Amino acid sequence: MSKKVAVYGMLTALAFLLSYVETLIPFSFAIPGIKLGLANLVVITALYCLDIKSAFVISMVRILLSGLTFSSLSIMLYSLGGGILSFLCMALAKHFTSFGITGVSVLGGVTHNLGQLLTAVLVVHTGSLMYYFPALLAAGTVAGALIGLLGGLVTERLRPFLQQAV
Amino acid sequence: MKKKDGILILVLLAAAAVFFLGYRLWNRKTPEEVVVYVGEQEYARFSVKENREFLIETEKGSNLLILKDGTADVTEASCPDKICVHQSPISQTGETIVCMPNRVIVTIEQASQKRIMNES
């Protein structure tokens, strides 16, 4: 049990740290909401090495922590919208489709952006935001693919240790 | 990476390209007016030909809108995230700059029907 707590704590801290690293990258694209999603590397690693429940908890705690620390409440709301939708889709894709970790991560990236966009549409009550959709779709695909490839490498190496620890 | 993953990536990128082109074709009207909405309410409306600064003030905060040479850009905002400030200037019909915390939307439209009728 204590080992489990230690592993979850460590992974959450790692995800939190990667959120911070992400804020250091001076990404300012023409379209808001485009980012690499480094923290998702930890979430997807947890999804593949541990189980759905722990990956979900790590993802939510990470969003809460980084939202309160690095951004505003309104941004946290969008992160939550994106984070929950993306997690659901990744978990479903992993269990019910034959996509590999890269494919699952790509779906996660795309649905994360979609979730954020839909949250924004609900908040400002305007469909004109869908103008961002094509760019966010492409960006989510590319970022998801990069994180997925990286996640494949990390998972391969960490799985024995993580599964032994839990 | 599985072959299936690669196909998924290509399909999604192709879909993005199709949506992008579709949106551009759909909105191929001449840009005529810069419209500012706060929430669902229209707040201000300018011709794209105007060159001016305009301060958008809402209950939640303010944004500075700059109209210059047919483009619209938000250069200052009271909110902490500054997403609207970082966004590039817009000039095409259908393009939009949004400030979420202040619920401000700046978009470029074709002149509204009402205005066209008033002028004729």
Side-chain angles (χ1 to χ4, degrees), chain A residues 23 26-34 70-78 93 97-107 109-111 113-114 116-117 119-142 144-146 148-149 151-153, chain B residues 1-24 26-27 35 37-42 58 60-61 73-74 77-90 92-109:
Chain A
T23 64
F27 262 162
S28 83
F29 275 106
I31 303 286
I34 292 184
F70 308 126
S71 57
S72 60
L73 223 59
S74 65
I75 294 223
M76 194 164 91
L77 188 68
Y78 306 123
T97 71
S98 57
F99 287 122
I101 187 167
T102 312
V104 169
S105 172
V106 164
L107 287 171
V110 167
T111 49
N113 286 354
L114 186 65
Q116 279 192 324
L117 192 62
T119 313
V121 168
L122 287 178
V123 170
V124 264
H125 292 281
T126 171
S128 68
L129 287 180
M130 291 317 269
Y131 147 70
Y132 295 130
F133 178 67
L136 287 174
L137 181 60
T141 307
V142 174
L146 290 174
L149 288 171
L153 299 174
Chain B
M1 187 167 76
K2 287 191 187 175
K3 195 177 163 198
K4 226 178 149 184
D5 297 349
I7 295 171
L8 175 72
I9 293 171
L10 291 180
V11 166
L12 287 173
L13 287 178
V18 167
F19 280 125
F20 180 77
L21 290 175
Y23 193 87
R24 268 291 144 85
W26 187 257
N27 283 299
V35 190
Y37 295 94
V38 176
E40 281 130 288
Q41 298 291 312
E42 185 178 317
T58 71
K60 302 204 171 125
D73 194 12
V74 174
S78 60
C79 60
D81 26 284
K82 303 278 185 277
I83 287 173
C84 54
V85 177
H86 292 149
Q87 211 185 322
S88 330
I90 55 171
Q92 300 295 317
T93 313
E95 286 188 318
T96 305
I97 296 178
V98 184
C99 172
M100 293 295 176
N102 297 349
R103 298 189 63 198
V104 167
I105 299 156
V106 178
T107 182
I108 297 190
E109 297 179 359

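In the text below, chain A, chain B and the rest are named by the order of the sequence lines, each starting its count at 1. All values reported here derive from a predicted model rather than from experimental measurement.
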Grab the two heavy atoms, one from Thr96(B) and one from Tyr132(A), that are nearest each other, plus how far apart they are. O-OH, 2.9 Å
Which residue out of Ser98(A), Gly144(A), Gly140(A), Ala120(A) racks up the most heavy-atom pairs below 4.5 Å with chain B? Ser98(A)
Between the CD1 atom in Ile9(B) and the OG1 atom in Thr141(A), the distance rounded to the nearest 0.5 Å is 8.0 Å
Euclidean distance, Ile101(A) CD1 relative to Asp5(B) CG, rounded to 0.5 Å: 9.5 Å
With under 30° as parallel and over 60° as perpendicular, where do the rings of Tyr131(A) and Tyr23(B) fit, or are they tilted in between? tilted
Which portion of Leu73(A) sits near chain B, non-hydrogen atoms under 4.5 angstrom: neither
Around Gln41(B), counting heavy atoms of other residues, nucleotides and ligands shown, do more than 12 lie under 6.0 Å from its CD? no
Engaged part of Ala15(B) at the chain A interface, taking heavy atoms whose separation is under 4.5 Å: both
Chain A heavy atoms under 4.5 Å from Ile105(B): which part of the residue, side chain, backbone, both or neither? side chain
Among Leu149(A), Val106(A), Val142(A), the residue with the most heavy-atom pairs under 4.5 Å to chain B is Val106(A)
Could you pull out the closest heavy-atom pair between Leu8(B) and Gly103(A), with the gap in Å? CD2-O, 3.5 Å
Under 4.5 Å heavy-atom distance to chain B, tell me which part of Ser105(A) shows up: side chain, backbone, both or neither. neither
When rounded to the nearest 0.5 angstrom, what distance separates CZ in Phe99(A) from CD1 in Ile7(B)? 8.5 Å
